[in-house]
Amino acid sequence: MELQDRLKALKEEYRKLIEEANDLQILQKLKAEIIGKKGEITKVLKSLKEVPPEKRKEIGKLANEIKEFFEEFIKAKEQEIKEKLLEEELKKSKVDITLPPYWIQSGTSHVVRRTLKEITDIFAYMGFKIEEGPEVEKEEYNFDMLNIPKDHPARDMQDTFFINKEGYVLRTHTSPVQIRAMLKRKPPIAIVAPGRVYRKDADPTHSPMFHQIEGLFVDENATFKHLKGILKTFLEAVFGKNIPIRLRPSYFPFTEPSVEVDIGCTVCKGEGCRVCKGTGWLEILGAGMVDPNVFEAVGIDSEKYSGFAFGLGIERITMLKYQIPDIRLLFTNDLRFNTQFTGF
Ligand code: PHE
């Protein structure tokens with residue numbers, strides 16, 4: 001057979017074979033056979049020197065054309081096979097939307113934690129920085145420097161848990177964080193300190209561990225008016241714009257004057273019910289102007305600076321907000337209770 005005819009026959013034969021190939025391995029094998037290093041076309045190109053000179057150019061040209069043809073053709077075929085394989089793979093792994101779904105129970109934060117965050121955010125929005133202190137606290141910070149001396153009856157008021165480390169207690173309130181903040185930085189100071197506190201107390205409205213948030217503001221010319229404004233903004237953000245607010249004179253060793261802040265009963269709207277014990281008012285927080293003795297203890301000049309502080313219980317706010325009758329429900333971790341606040 002003439003070399004030219006042989007080339008054409010090879011082209012036809014392999015074109016067909018490649019056309020029919022439906023697998024990458026077969027395609028690779030055919031590629032090697034036709035244009036690989038030892039392939040048919042390559043062989044022809046290598047043997048050109050044996051071809052009579054007058055035919056050499058024509059045959060060489062034809063062989064090169066065929067080689068280029070197969071390079072393109074095989075490339076296109078390879079692409080086609082790959083696409084087909086992918087399509088098949090996708091078909092096989094298609095999601096079956098008729099299958100019943102399975103339920104994933106995701107965790108969320110506890111209602112006390114959510115309330116704590118909500119309240120902290122309100123103060124953060126007003127510019128208060130968040131400050132934290134340890135739960136095992138120096139007796140000195142928890143009491144002495146807050147103007148509660150050793151023999152003071154207010155120490156008994158707080159039902160302290162003592163621990164077997166001299167000079168330390170489980171903090172009975174978040175107020176020691178005030179001391180820490182004032183020892184650490186100079187006025188102006190505007191902080192809130194959320195966290196756990198401990199008192200030897202357990203009944204439907206008291207738990208031995210509960211949460212408080214403390215606020216402290218110190219600057220030149222800080223007045224009682226500023227305290228009222230901040231507390232009003234806060235209480236309206238939590239309980240709504242029209243919530244009635246009342247301030248009653250009270251006593252705390254670390255503030256002078258001191259007040260107790262009440263809101264109109266959220267249950268009976270002021271008419272008197274069991275929750276407000278018939279008074280129409282609910283006690284929400286304690287507050288007052290920082291006592292000069294406290295400033296003295298931390299080395300702040302009480303002639304130059306004034307300040308106010310406030311403290312409130314998170315469980316109490318949570319219970320009022322959601323009308324929870326017993327504080328122990330917050331700590332027994334019954335999922336039937338806990339999941340009522342998460343929306344599912
Ligand atoms: N520490 C007080 C308490 O636990 C609350 C309080 C804080 C009162 C700050 C006044 C100022 O009862």
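Start at 1 and go down the list; that is how both ligands and their atoms are numbered. In this chain, residues are counted from 1 in sequence order. All of these numbers come straight from a predicted model, not from anything done at the bench.
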message: For Ala287, which part has a heavy atom under 4.0 Å from ligand 1: side chain, backbone, both, or neither?
response: backbone
- prompt: So which of Arg199, His173, Arg171 gets nearest to atom 12 (O) of ligand 1, if we judge by its closest heavy atom?
  reply: Arg199
field: Identity of the nearest option to atom 1 (N) of ligand 1, non-hydrogen atoms only, from Gly311, Gly286, Ser175
entry: Ser175
- prompt: Are the aromatic rings of Phe308 and Phe224 close, with centres under 6.0 Å apart?
  reply: no
query: Residues in side-chain hydrogen bond (donor to acceptor under 3.5 Å, both in side chains) with Asp291, at least two apart?
result: none
message: Please list the nearest protein heavy atom to atom 2 (C) of ligand 1 with its residue and the distance rounded to 0.1 Å.
response: Phe254 CZ, 3.7 Å
For [X], the ligand 1 atoms whose distance to one of its heavy atoms is below 4.0 Å:
| X | answer |
| --- | --- |
| Phe310 | 7 (C), 9 (C), 11 (C) |
| Gln212 | 3 (C), 4 (O) |
| Glu214 | 7 (C), 9 (C) |

query: Around atom CD of Glu296, are there more than 12 heavy atoms of other residues, nucleotides or ligands at under 6.0 Å?
result: no
message: Quick check with a 6.0 Å cut-off and a 45 degree axis cone: is Lys150 positioned over the face of Phe143's six-membered ring?
response: no
- prompt: Name the one of Gln178, Lys184, Lys186 that satisfies side-chain contact (heavy atoms from CB on, under 4.5 Å) with Met182?
  reply: Gln178
message: Any nitrogen or oxygen of Thr172, side chain or backbone, less than 3.5 Å from one on ligand 1?
response: no
query: Can you find a heavy atom in the side chain of Trp281 that is under 4.5 Å from one in the side chain of Ile263?
result: no
